[in-house]
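Predicted model, so just to flag it, every value in this text is computed and none were measured.
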Amino acid sequence: MVTLSSTKVLQLLYASLLTFDFSAAASSTFGYGTAGVVSFVGRATIGTRGQSPSNVRRSTNAARSSIQKSYATDASDDVPMKDLIDLQTHTVRPSPSDVLSHLSKACDLLGIEAYDVYGDFTSIEDQSYLRKFETEVATCFGREDAVFCLSGGMAQSIALMIHAQSDTTTTTNDNDGTLAFACHPTSHLLMHENEAFSELLGMEAVIIDPDDMDAASTQQTKYDPEVFKSEGYCGMTPMRLHHAERLISALDGSKMSGDSFSTYPSNIPVTSTTVSTLIVELPHREIGGKLVPWKEVEEMSHLCRGRKIKFHCDGARIFEASAGYGHESIQQTAEPFDTIYISFYKGLGALSGAMLIGDKTFCADARVWLRRMGGNLYTVLPYAVSSWDGFRKNCITNYSDGSGSIQYDASVFEQRRQKLARVIDSLSADVDIASLVQFDPSIPETNMIHGYLRTSYDECMAAIKRVEQKTGIRVLNRVRSCVRDGIDSNNDNSSGNEQRFGCRFELTIGESNALIDDEYFELGWKEFAVELQH
């Protein structure tokens, strides 16, 4: 049998895609033709690293007609196809054939000449590109080892199982209680994984709900993730140190201030559980990219270590969080945690992929659990190459020049954070826009923010379409309906300013919309506010 190189296989896949009729497949499979397909230009045309603001502005104007080519997705809509300036889409997705072509080139740039096989568990760094990739990431984070995983859901489930079975985990009531972990109510494990922690791992979640804990009443509200999804989370705070302290007090059975914790989904008293892990998400995605104050993160770490509870970071967007904290190295952001999970497909733009980072013992156990969960495929080449390429491109100095210098560079995420701060400051200063939307938080803490609109979902979508037709600017393309009372953030002391939000959205600055001039955000949103006033 002839074994082809990884580069050659990707080239052949690329060639096969060029002959495939995607429009016909889309029509037969999804019921629409090319009018329903969204196409984007490749990443190579929109990189910003190393460019001055003036050069970025010129690049914006030059690429304005091709930054994102979006087409009407409603088959019943008579609006012709047109180029739109899409303010909300943060990451371009090139065509499948362009992606595979780029991965072939990335194999050459990264020096990948052989496949990984079943995770290359027994290989050393010099023998395996995958082990080299894992070692590189671990080194940047100041840790001994790292393990590549296909998804964040799998990665965090593995971390929970390892910590739950750790010899250092102690019970809080001198018996073997139900295995549990503690987290914020908006944790991805609660909101988007169909209770895998319970159904697959047999674990319970102790929910540290800031709204309940900071309220006058100490009676916990019954947790329902579907309520959060339908209403949104406007005004919710991130996990804070005093929340974690009150959990520890409850675990001790002392019931500080009358706190009473129980688990989700089985409603077991927390004193009958073994809480092995405290998970902190940096930043909290579902509440607009808010950050736990850094000093409190460090204090939480000390608190957990004193209780032999593992401190785990849900770092799906940890690079964005690091920029928000003003850290010069990602190692500084990772330091307080026992283990860290990171994602490669979000801010780094990979096809898919995640990594668990920790000490050698943890990672050795993670590789065992990766196999148990079916996650060590014969080869993960396309995903790992895409992830390594995204990591190098966004986080490492001088990646493309082949210098081989592995030095962390935070500038990409800091530029995105600054961009969003400027845009939100400008929009918030406009009276018409401010009367329409409440940003949460009012000042961005990272490159992400959430917005709550004082209009119905249907009115919002109609106004978006009219603004597109008038200006060629798509203000929003992903909006969710919600029903939640809101208070004007500019006048929190006045109960008379309560209004009902009809829909909400997330705005993240990424490599695509970072290139759009601030003036287009101002123009598009001003027209949007005018349309909704009519």
Side-chain angles (χ1 to χ4, degrees), residues 6-7 49 102-103 105-150 152 155 159 313 315-323 327-335 337 339-364 366-367 370 375-376 379-413:
S6 53
T7 302
R49 182 184 292 275
H102 176 76
L103 290 183
K105 297 173 183 176
C107 281
D108 293 334
L109 189 59
L110 294 166
I112 299 174
E113 298 179 348
Y115 295 96
D116 61 285
V117 178
Y118 291 124
D120 284 351
F121 289 172
T122 61
S123 300
I124 61 176
E125 182 182 339
D126 291 342
Q127 298 172 338
S128 164
Y129 85 87
L130 185 59
R131 296 295 293 122
K132 182 178 180 181
F133 173 31
E134 292 170 335
T135 300
E136 180 176 301
V137 174
T139 300
C140 280
F141 277 77
R143 297 304 167 93
E144 294 178 340
D145 201 358
V147 181
F148 183 79
C149 304
L150 290 173
C313 179
R317 297 168 178 82
I318 193 171
F319 304 103
E320 292 86 341
S322 187
H327 293 167
E328 294 184 0
S329 73
I330 198 67
Q331 180 175 340
Q332 182 180 356
T333 313
E335 194 280 330
F337 297 95
T339 54
I340 307 102
Y341 141 68
I342 66 172
S343 173
F344 293 105
Y345 88 86
K346 296 179 175 69
L348 304 185
L351 287 173
S352 185
M355 201 166 277
L356 280 173
I357 306 168
D359 61 29
K360 286 188 177 298
T361 299
F362 170 80
C363 290
R367 290 185 172 92
L370 187 67
N376 70 320
T379 181
V380 293
L381 179 82
Y383 304 107
V385 172
S386 179
S387 296
W388 197 4
D389 178 62
F391 177 71
R392 284 275 187 101
K393 182 174 64 175
N394 289 282
C395 303
I396 301 299
T397 303
N398 299 326
Y399 163 46
S400 60
D401 68 5
S403 66
S405 174
I406 307 302
Q407 182 176 349
Y408 183 74
D409 182 358
S411 63
V412 166
F413 297 99

Looking only at heavy atoms, what is the nearest atom pair of [X] and [Y], with distance?
X: Gly152; Y: Ala354; answer: N-CB, 3.9 Å
X: Ser123; Y: Ser128; answer: CB-CB, 3.8 Å
X: Phe148; Y: Gly353; answer: CZ-CA, 3.8 Å

Treating [X] as the side-chain partner and [Y] as the backbone partner, does any N or O pair qualify as donor plus acceptor under 3.5 Å?
X: Asn376; Y: Arg367; answer: no
X: Gln407; Y: Thr397; answer: no
X: Ser387; Y: Tyr345; answer: no
X: Thr339; Y: Gly358; answer: no

Does the side chain of [X] reach to within under 4.5 Å of the side chain of [Y], using non-hydrogen atoms?
X: Leu103; Y: Leu351; result: yes
X: Leu370; Y: Phe121; result: yes
X: Ile342; Y: Val137; result: yes
X: Tyr341; Y: Ile318; result: no
X: Phe141; Y: Gln331; result: no
X: Arg143; Y: Ile340; result: yes
X: Cys140; Y: Phe391; result: yes

Between [atom1] of [X] and [atom2] of [Y], what distance do you get to the nearest 0.5 Å?
X: Asp120; Y: Thr379; atom1: CG; atom2: OG1; result: 8.0 Å
X: Asp409; Y: Ile330; atom1: CG; atom2: CD1; result: 12.0 Å
X: Glu144; Y: Thr139; atom1: CD; atom2: OG1; result: 10.5 Å
X: Phe337; Y: Glu335; atom1: CZ; atom2: CD; result: 10.0 Å
X: Ser352; Y: Lys346; atom1: OG; atom2: NZ; result: 8.5 Å

**Q.** Non-neighbouring partners of Gln332 that pass side chain to side chain contact (heavy atoms under 4.5 Å, CB included), sequence neighbours left out
**A.**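 Scan of Gln332 (side chain to side chain contact (heavy atoms under 4.5 Å, CB included), adjacent residues dropped) gives His327, Ser329.
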(Q) Below 30° counts as parallel, above 60° as perpendicular, anything between as tilted: where do the rings of Tyr129 and Trp388 land? (A)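 It falls in the parallel class, under 30°.
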(Q) Does either side chain, that of Thr333 or that of Ser322, offer a donor lying less than 3.5 Å from an acceptor on the other one? (A)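 Yes, because at least one side-chain N or O of Thr333 sits under 3.5 Å from a partner of the opposite role on Ser322.
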Q) What residue pairs, at least two apart or across chains, pass salt bridge (charged side-chain N to carboxylate O under 4.0 Å, His left out) with a residue in residues 123-132? A)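 Output for this query lists Arg131-Glu134, Arg131-Asp145.
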**Q.** Worked check of side-chain contact (heavy atoms from CB on, under 4.5 Å) between Tyr383 and Phe344
**A.** CA-CA 9 Å; Tyr383 304 107; Phe344 293 105; over 6 Å; no
Q | Stepwise side-chain contact (heavy atoms from CB on, under 4.5 Å) check, Phe362 with Leu356 | A | CA-CA 9 Å; Phe362 170 80; Leu356 280 173; 4.1 Å; yes
(Q) What verdict does the side-chain contact (heavy atoms from CB on, under 4.5 Å) test give for Val385 and Phe133, after you've listed the backbone C-alpha separation in whole Å, the side-chain angles of each residue and the deciding distance to 0.1 Å? (A) CA-CA 9 Å; Val385 172; Phe133 173 31; over 6 Å; no
Q | Stepwise side-chain hydrogen bond (donor to acceptor under 3.5 Å, both in side chains) check, Asp359 with Thr361 | A | CA-CA 6 Å; Asp359 61 29; Thr361 299; 4.6 Å; no
